[in-house]
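Owing to the predicted nature of the structure, the values given are computational and were not obtained by experimental measurement.
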Amino acid sequence: MAKKEANSGANNNNVVAMGPSHCCVDKCGKKIDRMNFCSEHFLWFKEGLINKKGERPPDFDKKFQSYMSRKKVA
């Protein structure tokens, strides 16, 4: 019993990080808001500008221009 009491509370650093703490898109260090993305990149994900891994599709430029034109109208 004495052994257990001596060890309990002495070193309780058993915290494990559950996932990334910043946005998974390259060169973005913002804090995660939803689904491993910051708020801006989550909108990009919903619009199809990036995939779940944060990678851009081959036709990114075309999709981005379409997204920007819709954003300006709204």
Side-chain angles (χ1 to χ4, degrees):
M1 212 65 179
K3 227 180 198 182
K4 189 175 184 180
E5 289 175 11
N7 287 335
S8 66
N11 258 344
N12 286 337
N13 294 332
N14 297 335
V15 178
V16 177
M18 296 304 290
S21 61
H22 64 280
C23 185
C24 66
V25 177
D26 289 341
K27 299 178 184 174
C28 181
K30 295 180 184 175
K31 187 177 175 184
I32 290 177
D33 188 32
R34 288 188 249 171
M35 289 184 58
N36 295 334
F37 296 114
C38 62
S39 57
E40 178 184 359
H41 288 127
F42 181 71
L43 292 174
W44 283 26
F45 172 71
K46 284 180 24 180
E47 294 289 331
L49 293 171
I50 53 177
N51 63 12
K52 287 183 182 179
K53 296 178 184 178
E55 300 167 343
R56 296 178 176 184
D59 60 343
F60 174 79
D61 294 329
K62 178 181 154 188
K63 288 182 176 183
F64 185 71
Q65 288 184 4
S66 175
Y67 167 73
M68 291 304 288
S69 67
R70 281 181 278 144
K71 190 175 177 182
K72 285 181 183 178
V73 171

**Request:** Hey, could you give me the CD/CZ distance between E47 and F42, rounded to the nearest 0.5 Å?
**Result:** 11.0 Å
**Asked** In Å and rounded to the nearest 0.5 Å, what is the CZ to NZ distance from F64 to K71?
**Response** 7.5 Å
**Request:** List in chain and number order the residues that pass salt bridge (charged side-chain N to carboxylate O under 4.0 Å, His left out) with K46, two or more places apart in sequence or in another chain; answer none if no residue qualifies.
**Result:** none
Anything under 3.5 Å between a donor and an acceptor, one on a side chain of residues 49-61, the other on a protein residue two or more places apart or in another chain? List them.
| unit_1 | atom_1 | unit_2 | atom_2 | d |
| --- | --- | --- | --- | --- |
| N51 | OD1 | K53 | N | 3.0 |
| N51 | OD1 | G54 | N | 3.1 |
| N51 | OD1 | E55 | N | 2.8 |
| N51 | ND2 | E55 | OE1 | 3.2 |

**Request:** To the nearest 0.5 angstrom, please state how far the CD1 atom of I32 sits from the SG atom of C23.
**Result:** 7.5 Å
**Pairs involving residues 21-37, ordered by first then second residue, that meet salt bridge (Lys or Arg N to Asp or Glu O under 4.0 Å) (sequence neighbours left out)** = K30-E40
**Asked** Can you list the steps and then say if Q65 with S69 is a side chain to side chain contact (heavy atoms under 4.5 Å, CB included)?
**Response** CA-CA 6 Å; Q65 288 184 4; S69 67; over 6 Å; no
**With F45 via ring pair (Phe, Tyr, Trp, His ring centres under 6.0 Å) - residues at least two apart** = F37
